[in-house]
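Remarks on the structure that follows.
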Amino acid sequence: MGETTVDNWQAVLRRIAEAETKGGRPAGSAQLVAVSKTYAVEDIAPVAAAGQRVFGENRVQEAIAKFPALRARFPDIELHLIGPLQSNKAAEAVATFDVIETVDREKIAKALAAEMAKQGRTPRLYVQVNTGAEPQKAGILPSEAVAFVARCRDVHKLAIEGLMCIPPAEDDPAPHFGQLAALAREAGVDRLSMGMSGDYETAIAQGATSVRVGSAIFGARPKG
Ligand SMILES: *Cc1c(COP(=O)(O)O)cnc(C)c1O
């Protein structure tokens, strides 16, 4: 398992490098966030040992359960929250994550600002945009995204670094990635978290600065 996973990880890094070259982009301009949700510490450790340092988890409690052990071995791990955040988990999220990619409403912005002041910690922040306007999906609507980034900055004094999206599974992802890039330009932020196992090369072609890849590295997750 460990060996296959490391092989998969290397293959993903190669494909990212090829996509950067193809897009005329500098090597290393698209960062790999290895999405380790549902996988156990012993599945994640070989990838960290091989050199991967940036990981993504979608649940606060799961990250709290798994990452202390990994950080003890690899202190420079950078952990991203890529799942929806409830305001009652803001304290734990600020304490646990280096990057929170899913800021998507006023209440969360306010809760994060309060916790960051209280804890003296400043995780980097992204605003999640629901580019497909799917009712069941987290993220602010595209029409409200630019104003929300401005409110985070001006009202809550939060430095928003970039935008993140998860296109609808059944859509061609390219227009969604293009829309996110356009919104980021309009909002004055320059980081774009977009692309997963099935479409990360497309995302890099559209300007992704980080891609979130899980199953292409760790294998298929059990359906939940
Ligand atoms: C699970 C997840 C991913 C990774 O998905 P794969 O298809 O396994 O690469 C990326 N982003 C988010 C927000 C996720 O929840």
Side-chain angles (χ1 to χ4, degrees), residues 1 4-16 19 30-40 43-44 47-48 52 54-67 78-86 89 93 96-105 108 123-134 136-140 142 145 161-174 176-177 179-181 184 191-224:
M1 164 97 193
T4 329
T5 304
V6 171
D7 287 347
N8 292 343
W9 170 73
Q10 282 167 341
V12 169
L13 285 180
R14 267 196 306 275
R15 286 176 57 177
I16 289 173
Q31 184 181 53
L32 173 60
V33 179
V35 176
S36 50
K37 66 185 187 196
T38 77
Y39 299 101
D43 301 325
I44 304 166
V47 179
Q52 178 66 26
V54 185
F55 292 89
E57 286 281 340
N58 67 335
R59 291 169 193 268
V60 176
Q61 300 310 321
E62 184 180 341
I64 290 173
K66 291 174 0 188
F67 273 81
E78 178 181 296
L79 189 56
H80 292 223
L81 177 62
I82 60 169
L85 178 58
Q86 305 300 324
K89 298 268 172 64
T96 306
F97 292 93
D98 304 294
V99 181
I100 296 174
E101 299 201 9
T102 51
V103 183
D104 67 351
R105 58 196 187 278
I108 290 296
R124 287 146 49 205
L125 303 174
Y126 285 64
V127 165
Q128 181 176 356
V129 183
N130 186 357
T131 57
E134 295 171 280
Q136 81 288 4
K137 198 168 271 177
I140 192 147
E161 179 167 296
L163 303 183
M164 176 270 213
C165 76
I166 311 168
E170 64 282 5
D171 281 14
D172 173 4
H176 292 272
F177 298 152
Q179 182 185 25
L180 197 72
R191 309 277 302 170
L192 290 167
S193 171
M194 54 191 199
M196 319 200 323
S197 289
D199 55 19
Y200 64 91
E201 289 148 305
T202 305
I204 292 169
Q206 297 285 334
T209 58
S210 59
V211 294
R212 309 177 308 268
V213 178
S215 47
I217 298 170
F218 295 103
R221 284 180 296 274
K223 292 269 183 241

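First listed ligand is number 1; within each ligand, the first listed atom is number 1. Just so you know, these numbers use all the heavy atoms, side chains as well, and skip hydrogens, waters and symmetry mates.
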(message) So, using side-chain contact (heavy atoms from CB on, under 4.5 Å) as the criterion, who are the partners of Asp172 when residues are at least two apart?
(response) Ala174, Pro175
(request) Not counting sequence neighbours, which residues clear side-chain hydrogen bond (donor to acceptor under 3.5 Å, both in side chains) with Thr202? List them please. (result) none
(request) Compile the protein residues with any heavy atom at a distance under 4.0 Å from an atom of ligand 1; present them by chain, then by number. (result) Val35, Lys37, Ile82, Met164, Ile166, Met196, Ser197, Arg212, Val213, Gly214, Ser215, Arg221
(request) Could you pull out all residues at least two apart from Ala133 that satisfy side-chain contact (heavy atoms from CB on, under 4.5 Å)? (result) Leu141
(message) Are Leu180 and Thr131 packed together at the side-chain level, in the sense that at least one heavy-atom pair is separated by less than 4.5 angstrom?
(response) yes
(message) Measuring only between side-chain heavy atoms, which start at C-beta, is Tyr126 closer than 4.5 Å to Val99?
(response) yes
(message) I need the minimum non-hydrogen distance between Leu81 and Phe97, along with the two atoms involved.
(response) N-CD2, 3.2 Å
